[in-house]
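Computed over heavy atoms, backbone and side chain alike; hydrogens, waters and symmetry mates excluded.
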There are 2 protein chains.
Amino acid sequence: MRPQKVLEDDILVGLTQVFRARGYEGASLKELADATGLKKASLYHRFPSGKQEMAEAVLGHVSTWADQKVFKPLLNSESFPPEVRLKEALTQIKTLYNDGKNTCILRALSMEDSLYLFESHIQTGMNKWINAFTQIAEELNFSKSDAKAEAVNTLINIQGSLVVSKGLNDYSIFLNTIKNIEDKYLNP
Amino acid sequence: MRPQKVLEDDILVGLTQVFRARGYEGASLKELADATGLKKASLYHRFPSGKQEMAEAVLGHVSTWADQKVFKPLLNSESFPPEVRLKEALTQIKTLYNDGKNTCILRALSMEDSLYLFESHIQTGMNKWINAFTQIAEELNFSKSDAKAEAVNTLINIQGSLVVSKGLNDYSIFLNTIKNIEDKYLNP
DNA sequence: GTCTATAGCTAGATAGAC
DNA sequence: GTCTATCTAGCTATAGAC
């Protein structure tokens, strides 16, 4: 067999950048190919079902990253105290979104033109965020219903601050929101 | 002169629906034409510079609506007490976003593929939200810096709850967020 | 002012050489 | 496994009849 010119992981990184920046319909196969260093036909060899399969692979890749880096710390109550795990998760979230400069892939793929294609990925992804923050909130002594409400609020604040930061081209808004989230959990 | 088949305002309503749902690149001229009841060539007669002019007209139209219905109540301190004006504005915001089911046009047109085309509209639009809520917060006895921070937070919560509501297909999240905003201003 | 018809181009996707 | 070349369908935009 002929060797792969580009590793699977590097392909996914390139695809992610394009889908995040341009959304599903906005991402053209030429851009996707250029971003990976492969030609269009070679991308089809890797993803025989085409663009939708590429976007699904991206969602899976980012989901795995978030599982490891964000949700695992939040959920693993036997590792460190909740305060430490919350701070670690928030640090990783800043990395994930490049301090607010990256669009969220769930949001980029949930425009109405492509929402129905990825509906279940998006719902599953958002529910993971809510469940993980609910757990840490409970460990930090929020009541069960307060914990859930606070977790939903956290997701809303992250998504909203990404939108507003980009719109105003002021990424201190995102960073400030992350700090506010920390305060809310640690000094309720 | 031959009479207009469709009124300017009705055209803008149709264009708005399509741009909101599909973003700038996702909106095709065929869809835009179908949504207005005109043919493509007739749309070009109304908007000689094409799709970008259509999107700018939409931004202007929505901006005028928000000026009248949302910002005017918030800013007109001589009309009613601030509590009443805040409630009126929040009611109009629910109408604007169809109880959370409509995407925000500023967000739909601020994907990176089209962000640079509408940058100043988007910044101006978001700043109007922040200024109007800052004013009402000050009237409700927030300190100057608290008022500004709370206004930014309000915008973040509206945008974020629209994203999360659509992603989870649960529009009670948006309505609940609007209620929380009211509480935050009225019972700080 | 609205329409049909079409230009010119780029999209997503495929065939087949190497 | 990667490539060049190409297909068809859709895109934005325009020309010109009525």
Side-chain angles (χ1 to χ4, degrees), chain A residues 1-59 61 108-109 111-118, chain B residues 1-59 61 108-109 111-118:
Chain A
M1 304 220 232
R2 192 164 165 179
Q4 291 186 337
K5 185 178 166 188
V6 184
L7 293 176
E8 178 83 6
D9 244 47
D10 293 333
I11 292 182
L12 288 171
V13 169
L15 296 180
T16 302
Q17 287 174 340
V18 178
F19 280 122
R20 253 203 314 245
R22 307 190 46 92
Y24 184 69
E25 299 222 338
S28 75
L29 282 189
K30 173 159 177 31
E31 284 175 294
L32 292 165
D34 290 349
T36 58
L38 289 175
K39 299 293 176 183
K40 281 194 289 179
S42 307
L43 263 186
Y44 272 92
H45 180 79
R46 305 286 193 102
F47 303 95
S49 303
K51 198 167 146 179
Q52 181 167 355
E53 187 180 352
M54 298 176 208
E56 268 160 11
V58 162
L59 283 168
H61 188 243
L109 296 179
M111 287 294 301
E112 257 162 72
D113 58 10
S114 57
L115 176 60
Y116 71 102
L117 291 175
F118 308 109
Chain B
M1 304 219 232
R2 191 164 166 181
Q4 291 184 336
K5 184 179 165 188
V6 183
L7 292 177
E8 178 83 7
D9 245 48
D10 293 332
I11 292 182
L12 288 171
V13 169
L15 296 181
T16 302
Q17 288 175 338
V18 178
F19 281 122
R20 250 202 316 243
R22 308 190 46 92
Y24 184 69
E25 300 220 338
S28 76
L29 284 185
K30 175 161 175 31
E31 283 175 294
L32 292 165
D34 290 349
T36 59
L38 289 175
K39 298 294 175 182
K40 282 193 285 181
S42 307
L43 263 188
Y44 272 92
H45 181 80
R46 304 286 193 102
F47 304 94
S49 302
K51 197 167 146 179
Q52 182 168 354
E53 187 179 352
M54 298 176 207
E56 268 160 11
V58 163
L59 283 168
H61 187 243
L109 297 179
M111 287 297 299
E112 258 161 72
D113 59 8
S114 58
L115 177 59
Y116 72 101
L117 290 174
F118 308 109

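- In this structure, the nucleotide among D/dA13, C/dC3, C/dG12 sitting nearest to the side chain of A/Tyr44 is C/dG12.
- At whole-Å resolution of the value, NZ in B/Lys30 and C1' in C/dT4 are 14 Å apart.
- Distance, A/Leu29 CG to D/dG10 C1': 14 Å, rounded to whole Å.
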Apply the test side-chain contact (heavy atoms from CB on, under 4.5 Å) to residues A/Leu29 and A/Met54: give CA-CA distance (whole Å), side-chain angles for both, the deciding distance (0.1 Å), then the verdict. CA-CA 10 Å; A/Leu29 282 189; A/Met54 298 176 208; 3.8 Å; yes
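- Among the nucleotides D/dT2, D/dT12, C/dG1, the one closest to any side-chain atom of A/Ser42 is D/dT2.
- For the residue pair B/Ala35 and B/Val18, the shortest heavy atom distance occurs at CB-CG2, 3.5 Å.
- Per the geometry, CD belonging to B/Glu25 stands 11 Å off P belonging to D/dA13, to the nearest Å.
- Contact detail for B/Met111 and A/Arg22: the closest heavy-atom pair is CE-C, 3.8 Å.
- Regarding contacts with the backbone of C/dG12, a side-chain N or O of A/Lys51 is found under 4.0 angstrom from either OP1 or OP2.
- Atom CE in A/Met54 sits about 14 Å away from atom P in C/dA11, given to the nearest Å.
- Rounded to whole Å, atom P of C/dT10 lies 14 Å from atom CG of A/Asp34.
- Rounding to the nearest 0.5 Å gives a distance of 5.0 Å between CZ of B/Phe47 and CG of B/Leu12.
- The side chain of B/Lys40 lies closest to D/dA13, out of D/dC18, C/dA13, D/dA13.
- The A/Arg46 side chain lies nearest to D/dT2 when the options are C/dT4, D/dT2, D/dT4.
- When distances run from any side-chain atom of A/Leu38 to the nucleotides D/dT2, C/dT4, C/dG12, the shortest one goes to D/dT2.
- Counting to the nearest Å, the P atom of D/dC3 and the CG atom of A/Leu43 are 10 Å from each other.
- The side chain of A/His45 places an N or O atom within less than 4.0 Å of a non-bridging phosphate oxygen (OP1 or OP2) of D/dG1.
- For A/Arg2 and C/dC18, the shortest distance from a side-chain N or O to OP1 or OP2 is not below 4.0 Å.
- The distance between atom CD of A/Glu53 and atom C1' of C/dA13, rounded to the nearest whole Å, is 13 Å.
- When the nucleotides D/dG1, C/dA11, C/dT2 are ranked by their closest atom to the side chain of A/Ser28, C/dA11 comes out on top.
- Note on ring orientation: taking the six-membered ring where Trp is involved, the planes of A/Tyr24 and A/Phe118 are perpendicular (angle over 60°, cut-offs 30° and 60°).
- Put simply, the side chain of A/Thr16 never gets that close to the backbone of A/Val58: no donor and acceptor are under 3.5 Å apart.
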Intermediate values then yes/no, side-chain contact (heavy atoms from CB on, under 4.5 Å), B/Arg46 and B/Glu8: CA-CA 9 Å; B/Arg46 304 286 193 102; B/Glu8 178 83 7; 4.1 Å; yes
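- Looking at heavy-atom distances under 4.0 Å, A/Ala27 makes contact with sugar-phosphate atoms alone, never a base.
- Listed nucleotides D/dA15, C/dG1, C/dA15 differ in distance to B/Ala41; the shortest reach to its side chain belongs to D/dA15.
- Atom P of nucleotide C/dG1 and atom CG of B/Leu7 are separated by 13 Å, given to the nearest angstrom.
- When atom types are taken as modelled, the side chain of A/Ser114 and the backbone of A/Leu117 share no donor-acceptor pair closer than 3.5 angstrom.
- Remark on the helix from C/dG1-D/dC18 to C/dC18-D/dG1: inter-end axis angle 0°, axes from five-pair C1' superpositions, rounded to 10°.
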